[in-house]
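Shown next, in structure tokens, is the structure this report addresses.
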Protein chains: 2
Amino acid sequence: MPTAEELAEILKVLANPVRLKILALCLFKERSSRELREMLGISKPLLINHIKKLVNAKLLDVRIAFDEERMVVMKYYKTNEFKVVIDGKVLEEILINSLK
Amino acid sequence: MPTAEELAEILKVLANPVRLKILALCLFKERSSRELREMLGISKPLLINHIKKLVNAKLLDVRIAFDEERMVVMKYYKTNEFKVVIDGKVLEEILINSLK
DNA sequence: TATCTGGGTAAAAAATTGTTTACCAGATAT
DNA sequence: ATATCTGGTAAACAATTTTTTACCCAGATA
């Protein structure tokens with residue numbers, strides 16, 4: 001049973017087309033930073049900024065792997081399974097929580 | 001089948017605690033501007049601003065009534081029935097639309 | 001040496017949102 | 001006349017979010 005503030009917070013993370021596309025792209029297979037950048041056509045700091053927010057909200061998972069051959073740490077992103085619903089039932093819960 | 005931009009737009013309207021509370025308060029009965037202002041403790045222009053966005057997104061309905069006795073136009077707000085879902089299935093649709 | 005890859009960050013600019021202040025009309029009441 | 005109520009709006013200011021620019025590391029390659 002979320003409060004209006006809590007629900008708004010997660011919706012704020014989802015309410016961005018770039019972040020929705022990142023989640024869509026990492027839905028079936030994990031993607032590297034570079035892959036995402038090329039598919040979305042956005043700058044590195046911008047992608048990292050969006051990824052931060054998604055990881056922070058636990059919508060996106062990170063797997064850190066060490067490439068033995070190239071001696072490089074790699075990060076792979078994959079969308080976490082989630083389901084956010086906003087309907088009358090959820091609003092009713094908010095109403096009850098705000099009255100309390 | 002929404003695009004990432006379309007879904008983000010409606011989520012942006014929902015991603016605000018005040019607007020979620022307005023929808024919750026107008027869920028079971030229609031409310032006047034004054035009622036909402038007193039229950040939420042916010043200023044008139046601020047309430048109207050939030051209401052505008054909700055009505056614009058078709059999440060909130062307005063009924064305009066003329067009070068014969070007091071010769072005053074009254075507006076009553078009621079939450080429209082809706083259900084917004086964000087999950088793997090929706091993200092998959094976004095993925096297909098963005099590839100197209 | 002210079003450039004590429006991988007991983008970033010910090011700060012500033014740009015754009016969007018949220019909120020306040022001040023004002024409008026029309027009718028009623030003091 | 002002054003103040004209340006209903007319904008607003010328009011402009012300014014504040015705060016947040018998005019995006020860019022510039023910089024950092026290390027290791028491999030030309």
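Chain naming here is simple, since letters A, B, ... match the order of the sequence lines and numbering starts at 1 in each. If you're wondering where the values come from, they're calculated on a predicted model, not measured in any experiment.
Looking at which nucleotide of DNA chain D each of A:L46 and A:K12 is closest to, the 5′-most match is held by A:K12. Take the nearest nucleotide of DNA chain D for A:K53 and for B:V73: the residue whose nucleotide is more 5' is B:V73.
Judged as a side chain to side chain donor-acceptor pair (under 3.5 Å), and not counting sequence neighbours, the contacts of B:D87 are A:K83.
When rounded to the nearest whole Å, the span between NZ of A:K75 and C1' of C:dG6 equals 11 Å. For B:K52 and C:dT16, the NZ to P distance is 18 Å, given to the nearest whole Å. As rounded to whole Å, 13 Å separates atom C1' of C:dG18 from atom CG of B:L47. Distance, B:I42 CD1 to C:dT17 P: 18 Å, rounded to whole Å. Rounded to whole angstrom, the span from the NZ atom of A:K44 across to the P atom of C:dG7 amounts to 9 Å. What separates CG of B:N49 from C1' of C:dT17 is a distance of 8 Å, to the nearest Å.
Between the side chain of B:K78 and the main chain of B:L27, a donor-acceptor pair closer than 3.5 Å is present. Within the 3.5 Å criterion, the main-chain N or O of B:V13 finds a donor-acceptor partner in the side chain of B:R19. Judged by distance alone, with hydrogens and angles left aside, the side-chain atoms of A:R31 form a donor-acceptor pair with the main-chain N or O of A:L25 at under 3.5 Å. Checking side-chain atoms of A:E93 against main-chain N and O of A:V90 turns up no donor-acceptor pair under 3.5 Å. The closest donor-acceptor contact from the side chain of A:E38 to the backbone of A:E35 lies at 3.5 Å or more, if one exists at all. Checking side-chain atoms of A:T79 against main-chain N and O of A:L60 turns up no donor-acceptor pair under 3.5 Å. A donor-acceptor contact shorter than 3.5 Å links the side chain of B:N97 to the backbone of B:P2.
OP1 or OP2 of C:dT17 has not a single side-chain nitrogen or oxygen of B:H50 nearer than 4.0 Å. Between B:S43 and C:dT19 there is no side-chain polar atom (N or O) within less than 4.0 angstrom of OP1 or OP2. Here A:R70 does not reach the OP1 or OP2 of C:dG6: none of its side-chain N or O atoms lies under 4.0 Å away.
Counting only heavy atoms from C-beta on, A:R34 has its side chain closest to C:dT5 among C:dT19, C:dT5, C:dT16. In this structure, of C:dA22, C:dG18, C:dG7, it is C:dA22 that holds the atom nearest to the side chain of B:P45.
When DNA chain D is scanned in the 5' to 3' direction for atoms under 4.0 Å from non-hydrogen atoms of chain A, the outermost contacting nucleotides are D:dT17 to D:dA28.
Residue contacts for A:S32: at a heavy-atom cut-off of 4.0 Å it reaches no nucleic acid atom on any strand shown. Here B:Y76 lies out of heavy-atom contact (under 4.0 Å) with every strand.
Within residues 15-23 of chain B, the residues having any heavy atom closer than 4.0 Å to DNA chain C are, in order of number, B:N16, B:R19.
Nucleotide D:dA30: paired with C:dT1 (Watson-Crick or G-U wobble, both distances less than 3.5 Å).
Proximity of A:E92 to B:F28: side-chain heavy atoms (C-beta onward) are separated by under 4.5 Å at one or more points.
Between A:E5 and B:K21, at least one side-chain N (NZ, or NE/NH1/NH2) sits under 4.0 Å from a carboxylate O, which counts as a salt bridge.
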